[in-house]
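Notes for the one structure printed next.
The figures that follow rest on heavy atoms only: side chains count, while hydrogens, waters and symmetry mates do not. Counting convention: from 1, in listed order, for ligands and their atoms alike.
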Amino acid sequence: MALIVQKYGGTSVGSAERIQAVARRVVETVKAGNQLVVVVSAMGKTTDGLVKLAHELSSEPSRRELDMLLVTGEQVTIALLSIAIQELGQPAISLTGAQAGIFTEAEHTRARILEIVPDRVERHLKEGKVVVVAGFQGVIATEDREITTLGRGGSDTSAVALAAALKASACEIYTDVPGILTTDPRIVPAAQLLTEITADEMLELASLGAKVLHPRAVEIAKNYGVPLVVRSSWTDEPGTWVMSPVPRSRSLTGLEIARSVDAVEFSTNQAKIALLQVPDRAGIAGQLFGALAREHVDVDLIVQSIHEGNTNDIAFTVNKQASKLAQAVAEAISPVLHDNFVPSHDRVLVAGDIAKVSIVGAGMIGRPGVAAQMFKTLATAGINIQMISTSEIKVSCVIAAADSDRAIASLCQQFEISTSSNEHDRQHPNAPSVRGVALDLDRARLAILQVPDRPGMAAELFGILAANNISLDAIIQSQRTRVIAGVATRDIACTVAQGDAADAKRALEASVAQLGCGAVVVNKSIAKVSIVGAGMISNPGVAAKMFNCLAEAGINIQMISTSEIKISCVVSQSQGVDALKAIHQAFGLG
Ligand code: ASP
Ligand code: MG
C-alpha cells in the first residue's frame, strides 16, 4: 500500500461542487489501494479577502492577529472536504496544522517549518481514515502554542514537508493549470507542457514557476528526494514531474531552515578572457560567442557589465586547455567587434590562472545575506574577487588559482560543509539544453560605480543590502578598471525587485562615499529574460544561439549573467516580450 500526499489549491476547492469533485478523486485514490493525506488551501480567493478586511481596519495590522485571521480560511476547507469525503462513505478526519504536528519558527506571517511530528496523522491513517490537513499553517512549539502561517502560497510547502516527514511515495500538487509550461502561455500561446523538469531547473525558473509551485516546496522536495508532480484538478492528464537527485540522508529536524548552502563547488584550471570596450549595440555578444561555438569552445561563465561611455566589457571563463584557442578566436574577431577603434592591447585581456568557487543551495532563495556572507568569508581570507555571477540558487566567484584551496577551506568552514566537490562530477545526460524561458518585468538594475578594487568591497556593499533584507540576483563586476585618484576601481551592478530599488539605493547611498565608491544608479525600465536547462552544461553554442536570436530581433543586450544551467540577459523593458517570444521560438519550444 502506497502513501500519497495530495494538495489542492484554492481554485480546486473554490465551491461546494468543486470540493465534491475533489472528494471523488480522493476516494478513487483510496480505492486504488493507497493511504492518503490531503492538504488544502483556503477556498478561492478567501485569503486575499481576509487580508483586505484586516487592512480596512488598520494600515498595519498586527502580524499575530493576521495569522489568527488567515488560518481560518484553510480550516473552512478541511472541514468541508472531510464532510464531503465521509458523505461518499469513506472515513476521513480534518486536522489543523497544529493538530497535524507541524511546528514552525516563531515568525508570524512568514514562519519556516522546523519539524513535523506526524504521530497523530499516522495513527488516523492506520485507522483507515483519509487525513485532511490545513495547509499554510503551523504552531510554535512553546507552551503558548501560538499559531503561525508560512507566508502566502505556503500550502505547497505544507504538503511537500508532510510528504517528506511521512516518507510518502509521492506528493501530488493539484492546480488549475495542466503543469509546468516552457514559458508563460499568456505571452506565448504556443508554450508547451513539460512532462518533467529537474528541481534545480524549477528553482532557477522561480520567477516563471512560482505561481504554480512555491519555490520553498521545491527546495524541500529536492533536499529530501520527495517525488513531486504538478497536475490539473480537472483532468486525468499526467502533469509535470519535478525530478530530484537521490538525496544524502538528512535529519527531519530543522526541516526548512537547516541549511542555506548545501554544497561548496569548485572548478580549477580555468582561464578568464575579457573583451574590453566593445560597442554597446545589438549583435556583438552573438558574434563573439557564435565564433567560439564554431570552434567548439565550451564556455562556462559569461558576464557582460553595464556600459561605461557607450561601451561594454564582456568576460567569460573556459577550461584552461581551451584557453589558447579561445584567446585566438577572441583576438581574431576583436578588430571586427571593435571597429578597429580601440588600441589592440586594450581589447583582449587574458588571465590564465584562475579558479571558480561556488556555493549552491535552494535554501538561499529569499535569504539575501547568503551571498554577502560568501563575499565576507573570502574577504576575511584576503582573497580578491575578480568576477561574480549569481543565479537563484548559486553564487560563483572567480578568483586567482593560487587562492582556491584557501577559498574552499574557508567557505566549507563558514557554511559547515564537510566536503567540497568538483562541479563537473555532476552531469545531466538526458536533460535538454533549454527547458524553459522566463521573463521578469519586475526587476530594476542597480549599479554602484567606481568601487575600489580590493578584497572586502563586495562584502561591504552586499552586506548593506542584506541588512536591509533586499534580495538580489545577477551580480556583475565590470572587467575594466578605471584609476580614480590613484585607486583602481570597477563598477558593480545587480538586479533587484523594482519595489526594493528605492530602498536599496537609499541604503547604499548612506555608505558609498565613506567606502570610496562613486554614484549609485537605478534603472527601472529593464526586463530580464532567462533560459534554463540542465543540458546546457558542456553544450557549446547555446549562449550564442540566444544572443544571436536577440540580435536578429534588433534587441540590444545590456547585461549578461550566467550560471551552470541558466543564461540571463537584461534588455530594455519595452523589448522584453519580443525577446521572450523570439527566444522561445529559436529554441523550438513551441
Ligand atoms: N491560502 C494561502 C494563500 O492564499 C496559502 C495557499 O493557498 O497556498 O496564500
Ligand atoms: Mg498556490
Side-chain angles (χ1 to χ4, degrees), residues 5-15 18-19 21-22 37-55 61 63-82 94-100 102 104-105 107-113 116 132-139 147-164 171-177 179-180 202-203 206-221 226 228-234 239 242 255-256 365-366:
V5 176
Q6 293 186 337
K7 181 252 163 180
Y8 293 91
T11 334
S12 310
V13 293
S15 64
R18 287 185 176 174
I19 289 177
V22 169
V37 173
V38 184
V39 175
V40 288
S41 291
M43 292 172 68
K45 300 244 171 277
T46 302
T47 313
D48 290 335
L50 293 172
V51 171
K52 193 160 162 274
L53 270 176
H55 280 97
R63 306 217 334 245
R64 182 202 180 261
E65 299 308 330
L66 265 182
D67 275 353
M68 290 300 278
L69 177 67
L70 297 193
V71 292
T72 61
E74 271 69 16
Q75 282 165 214
V76 169
T77 322
I78 52 173
L80 290 176
L81 180 59
S82 294
S94 65
L95 299 178
T96 64
Q99 289 171 324
I102 300 177
T104 73
E105 60 180 338
E107 271 284 351
H108 283 295
T109 73
R110 50 164 182 248
R112 288 174 189 264
I113 298 176
I116 297 185
V132 184
V133 179
F136 173 59
Q137 56 176 260
V139 63
I147 304 285
T148 51
T149 62
L150 309 181
R152 297 302 307 271
S155 48
D156 293 340
T157 305
S158 310
V160 180
L162 268 168
C171 182
E172 304 171 347
I173 307 280
Y174 288 91
T175 178
D176 52 356
V177 294
I180 314 292
M202 189 72 200
L203 288 165
S207 57
L208 171 69
K211 283 150 246 148
V212 185
L213 189 52
H214 204 277
R216 275 165 63 189
V218 180
E219 170 187 343
I220 301 171
V226 177
L228 180 63
V229 63
V230 182
R231 56 171 74 130
S232 161
S233 342
W234 324 128
V242 180
L255 200 132
E256 264 202 285
I365 292 180

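Which parts of ligand 1 touch Thr47 is read off a 4.0 Å heavy-atom cut-off, strictly below it: atoms 1 (N), 2 (C), 3 (C), 4 (O).
We find that Arg18 and Asp176 are not joined by a salt bridge, their nearest charged nitrogen and carboxylate oxygen being 4.0 Å or further apart. Using a 4.0 Å cut-off between charged nitrogen and carboxylate oxygen, Arg110 and Glu107 count as a salt-bridge pair. Ion pair Arg231/Glu172 flagged as a salt bridge, since at least one NZ, NE, NH1 or NH2 atom sits closer than 4.0 Å to an Asp/Glu carboxylate oxygen.
Scanning both residues, Leu150 and Thr104, for their nearest heavy atoms gives CD2-CG2, 3.9 Å.
The proximity of Glu74 to ligand 1, defined as any non-hydrogen pair under 4.0 Å, is limited to the side chain.
Residue contacts with ligand 1: Gly153 is placed with a nitrogen or oxygen under 3.5 Å of a nitrogen or oxygen of the ligand (distance criterion only). Polar contact check, Ser41 against ligand 1: a nitrogen or oxygen pair lies under 3.5 Å apart.
Of the options Ser155, Gly73, Gly9, the smallest heavy-atom separation from atom 6 (C) of ligand 1 is shown by Ser155. In this structure, of Met43, His214, Gln137, Arg152, the residue bringing a heavy atom nearest to atom 3 (C) of ligand 1 is Arg152.
Between Ile102 and Gln137, the closest side-chain pair of non-hydrogen atoms is not below 4.5 Å.
Contact between Gly154 and ligand 1 is present, with at least one heavy atom of the residue lying under 4.0 Å from the ligand.
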For this session: Please assess Thr149 against Thr109 for the test side-chain hydrogen bond (donor to acceptor under 3.5 Å, both in side chains), listing each intermediate value before the final yes or no.
Result: CA-CA 5 Å; Thr149 62; Thr109 73; 5.6 Å; no

